[in-house]
Amino acid sequence: MTACVYLRYGSEVLVLDAGSGFARLLTEPELLEGVERLSVVLTHFHLDHTNGLVALPGLSRVPVREVWAPGLLVAGMPAAELVRRLLGPPFLAGTVDDVETKMATRIHELIGDVQIGSFSLRTRLQPHHVGPTVALRVDDELAYCTDTAYDEANVAFARGVRVLLHEAFHAADKTDHPAHSAAGEAARIARAAAVERLVLVHLNPLLEDEEELLRFATVVFPASEVGRDGPLT
Ligand SMILES: [Zn+2]
Ligand SMILES: [Zn+2]
């Protein structure tokens, strides 16, 4: 499964990134039972974070289905234009108009901090990836820093949250890879930001032993765990 984080508060669901895990909203309909508003927030447009949007046409029973995307921030192009391109013909929808009717009810430009229903969302531009990406923070509950090389500025951004989801593509203490972080680096961000828990996400699918990641992370920050597909307990 690729990146997708599901948060629920009453009848509102906030999803961070729409990787392949987004299809769970189709295969496990109880995840959307009683949901009135589904808000999908994208960190950037790479396909491993957006391919799950193909499930949107199957979710039309949710009255409000919105996509928040940092088009201008990370791609210099309006979000609506990019999402229409991604989901419009010839890739998915029959017509461009279907994108904002049958798939999403609205496409919003994500340009800074924003209140989405009950969720207070803070954003930070991360410059160290293939192109820029956006780190997300939801209230004091969760920070999500993915698709970034080690970036010390994420310490202040994530400070004091309960759970930090940080990418750890490399099972190492450090890496000089320009676009992704190592487990030890994620752990240093967690320790400096004084979070309660670190969950390592966006793992290398070729990694044979996830314990390797933990070995590098827990020595720096003991409350580290590997993100699994399923609920965070
Ligand atoms: Zn990615
Ligand atoms: Zn990426």
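The basis for the numbers below is simple: all heavy atoms, side chains too, and nothing from hydrogens, waters or symmetry mates. Remember, it's a predicted structure, so these values are computed and weren't measured experimentally. Start at 1 and go down the list; that is how both ligands and their atoms are numbered.
Nearest N/O/S atom of H46 relative to the Zn ion (ligand 2): this is ND1. Within H202, the N, O or S atom lying nearest to the Zn ion (ligand 1) carries the name NE2. D48 contributes atom OD2 as its closest N/O/S atom to the Zn ion (ligand 1).
Ring geometry, H180 versus H177: the interplanar angle falls from 30° to 60°, so the pair is classed tilted.
Taking all atoms of both residues into account, the shortest heavy-atom contact from A186 to H166 is CB-ND1, 3.4 Å.
Inclusion of H44 in the first shell of the Zn ion (ligand 1) is not supported: no N, O or S atom falls under 2.8 Å. With 2.8 Å as the limit, D147 counts as an N, O or S neighbour of the Zn ion (ligand 1).
Screening L165, D17, T148, D48 for a side-chain contact (heavy atoms from CB on, under 4.5 Å) involving H202 leaves a single residue, D48.
Side-chain atoms of N154 and Q126 form a donor-acceptor pair, as typed in the model, at a separation below 3.5 Å.
Of the charged side-chain nitrogens involved, none lies within less than 4.0 Å of a carboxylate oxygen, so that E152 and R188 do not count as a salt-bridged pair.
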